[in-house]
Amino acid sequence: MQVDGELRDLDEEIKLAKTKKHSIELVVDRLIIRDGIRSRLADSLETALKFGNGVVFANTDNETLTFSEKNACVDCGISLPDIEPQLFSFNSPRGACEKCGGLGRIFKQLNWESMFEWMQAIHEFKTNDDAFELCPDCHGQRLNPIALAVTVGEKNIAQVVDMSVERCGNFFIELENQLDDTDKKISRQVLKEIKSRLKFLCDVGLDYLTLSRKSATLSGGEFQRIRLATQIGSALTGVLYVLDEPSIGLHQHDNQKLLETLKNLRDLGNTLLVVEHDEETMRAADMLVDIGRGAGKNGGEVIAQGTIQIH
């Protein structure tokens, strides 16, 4: 064994000072790397973990390596909870920043001298961004330090969701190319799901959106296309989808990608009813129904229906 870094024999009389903190390490095995040693190494590690309370030191010619079964720092003693989905949600007490409660912003300190001023402040809290300031602890990232300390590809979850959908997709492709064979096997299914969902968002023309975008700032067309991308991922069949001008705000290039997405949904065995005025979308339809003549109570009659004959 080693006492304060000095190698000692168990047969020796070892005196320890009660007033001093000692470092005591049990030497489990000495190994020379050669063929056939894997089984002995595994047994030695298992024994060391058992007597070392989950912590093992491996001394080599050049350095001392530390291995631990626990989510804790051997040097400072700081421990971390188990990594689970709730840790990365600002809607969960496990992941939310304690200072702002997962809001990313905090209410400014106000001098309330009367009930009237207090009520006015509450009104500003609901309607006026000037009543807020960026949380000094999480800097608007809404998560606690433990969640933000977990990184993949040297980026934490807040940094990843601040990317655009297109950039995020490229990030995970680059990440997968950097993994070794073992890590690729471990991450294959989750990376497949992430990349496919990001692709669906790109296919409906939302490649420019950041994943951290607030839903209240989305346009009606953007919100529809997000829901559409979700439905594509579910791969449902026999469903009737009703869309109200999903091409609003789309560039012409992205409009073609949206049409391909709609056709894919149709080809899965679904029916799509699309309210649209875009000519390209109408020409791609299997059936057209023109309702009018006026709007609201002045409309509602089927003026024409059928297919477009392209000459």
Side-chain angles (χ1 to χ4, degrees), residues 85-86 88-91 142-143 152-153 155-179 183-287:
Q86 290 86 349
F88 304 101
S89 172
F90 47 75
N91 291 318
R142 310 174 77 173
L143 295 169
V152 174
K155 292 187 181 295
N156 61 38
I157 188 171
Q159 293 170 319
V160 172
V161 298
D162 278 341
M163 299 178 182
S164 68
V165 170
E166 183 179 26
R167 176 67 189 95
C168 193
N170 292 333
F171 167 76
F172 282 106
I173 292 174
E174 294 168 3
L175 176 67
E176 187 175 27
N177 292 335
Q178 296 170 5
L179 299 177
D183 289 339
K184 283 183 178 179
K185 289 181 181 178
I186 295 172
S187 61
R188 178 178 292 121
Q189 190 59 39
V190 67
L191 284 176
K192 177 183 177 182
E193 288 293 323
I194 290 173
K195 290 190 298 180
S196 64
R197 291 170 188 248
L198 291 173
K199 181 180 182 299
F200 295 149
L201 288 170
C202 288
D203 289 343
V204 294
L206 296 174
D207 52 303
Y208 59 91
L209 286 182
T210 59
L211 297 177
S212 58
R213 176 84 170 263
K214 295 180 180 179
S215 60
T217 65
L218 296 171
S219 68
E222 289 172 335
F223 191 71
Q224 277 197 95
R225 294 197 293 275
I226 288 176
R227 296 183 64 182
L228 185 60
T230 303
Q231 293 299 317
I232 298 170
S234 64
L236 295 175
T237 60
V239 177
L240 170 63
Y241 294 98
V242 180
L243 304 172
D244 184 11
E245 296 188 289
S247 67
I248 288 180
L250 273 184
H251 187 275
Q252 197 65 28
H253 171 71
D254 293 325
N255 194 38
Q256 185 58 44
K257 292 194 294 185
L258 174 62
L259 291 176
E260 292 299 323
T261 300
L262 298 179
K263 290 177 181 179
N264 289 337
L265 268 179
R266 175 201 61 189
D267 294 342
L268 285 173
N270 301 299
T271 300
L272 286 83
L273 178 60
V274 184
V275 180
E276 189 59 87
H277 301 89
D278 175 70
E279 180 180 349
E280 187 177 10
T281 304
M282 290 190 289
R283 288 186 176 278
D286 298 319
M287 174 74 67

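All of these numbers come straight from a predicted model, not from anything done at the bench.
Atoms OG1 and CZ, on Thr230 and Arg227 in that order, are 8.5 Å from each other to the nearest 0.5 Å. Here CZ of Phe171 is found 6.5 Å from NZ of Lys155. Values are rounded to the nearest 0.5 Å. Interatomic distance, CG of Asp278 versus CD of Glu245, reported as 9.5 Å (0.5 Å rounding). Distance check, rounded to the nearest 0.5 Å: OG of Ser164 to CG of Leu206 gives 11.5 Å. With rounding to the nearest 0.5 Å, the separation of CG in Asn255 from CD in Glu279 is 11.5 Å. Taken from CG in Leu228 to CG in Leu258, the straight-line distance is 6.5 Å, to the nearest 0.5 Å.
Residue Pro246 comes nearest to Glu276 through the heavy atom pair CD-OE1, 3.4 Å, listed as atom of the first residue, atom of the second, then distance. Nearest approach of Phe90 to Leu143, heavy atoms of both residues: N-CD2, 3.6 Å. Of all non-hydrogen atoms in Met282 and His277, the two that sit nearest each other are CE-O, 3.6 Å. Nearest heavy atom pair, residue Lys195 against residue Ile173, reads CD-CG1, 4.0 Å.
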ask   = Given the rule in the side-chain contact (heavy atoms from CB on, under 4.5 Å) test, do Ser219 and Ile248 qualify, once you have shown the distances and angles that lead to the verdict?
value = CA-CA 9 Å; Ser219 68; Ile248 288 180; 5.8 Å; no
request  = Mind running side chain to side chain donor-acceptor pair (under 3.5 Å) on Gln178 and Glu174 for me, showing each step along the way?
outcome  = CA-CA 7 Å; Gln178 296 170 5; Glu174 294 168 3; 5.5 Å; no
inquiry  = Test side-chain contact (heavy atoms from CB on, under 4.5 Å) on Tyr208 and Glu222; report intermediate values, then the result.
reply    = CA-CA 11 Å; Tyr208 59 91; Glu222 289 172 335; 2.6 Å; yes
task = Let me see the working for Ile226 and Arg213 under side-chain contact (heavy atoms from CB on, under 4.5 Å), right down to the final yes or no.
result = CA-CA 12 Å; Ile226 288 176; Arg213 176 84 170 263; over 6 Å; no
message = Before you tell me yes or no, could you show the steps for Leu201 and Leu209 under side-chain contact (heavy atoms from CB on, under 4.5 Å), namely the whole-Å CA-CA distance, both residues' side-chain angles and the distance that decides it to 0.1 Å?
response = CA-CA 9 Å; Leu201 288 170; Leu209 286 182; over 6 Å; no
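In this structure, the side chain of Asn270 engages the main chain of Gly238 through a donor-acceptor pair within 3.5 Å. When atom types are taken as modelled, the side chain of Gln159 and the backbone of Asn156 share a donor-acceptor pair closer than 3.5 angstrom. At least one donor-acceptor pair under 3.5 Å links the side chain of Gln224 to the backbone N or O of Asp244. Not a single donor-acceptor pair under 3.5 Å links the side chain of Asp203 to the backbone N or O of Thr261. Ser89 contributes no side-chain N or O that, together with a main-chain N or O of Gln86, makes up a donor-acceptor pair within less than 3.5 Å.
Ion pairing between a basic and an acidic side chain is recognised when a charged N comes within 4.0 Å of a carboxylate O; Asp267 and Lys263 show no such pairing.
Side-chain atoms of Glu176 and Phe172, non-hydrogen and from C-beta on, never get closer than 4.5 Å to each other. Contact of the Leu211 side chain with the Val165 side chain is registered, since non-hydrogen atoms from C-beta on lie closer than 4.5 Å. With a 4.5 Å cut-off on side-chain heavy atoms, Lys185 and Arg188 count as touching. The closest side-chain heavy-atom distance from Leu236 to Tyr241 is below 4.5 Å.
Crowding of Lys199 atom NZ: a count of heavy atoms from other residues, nucleotides or ligands under 6.0 Å not exceeding 12. A 6.0 Å sphere centred on NZ of Lys184 holds more than 12 heavy atoms belonging to other residues, nucleotides or ligands. Counting heavy atoms of neighbouring residues, nucleotides and ligands inside a 6.0 Å radius, atom CZ of Arg266 exceeds 12 of them.
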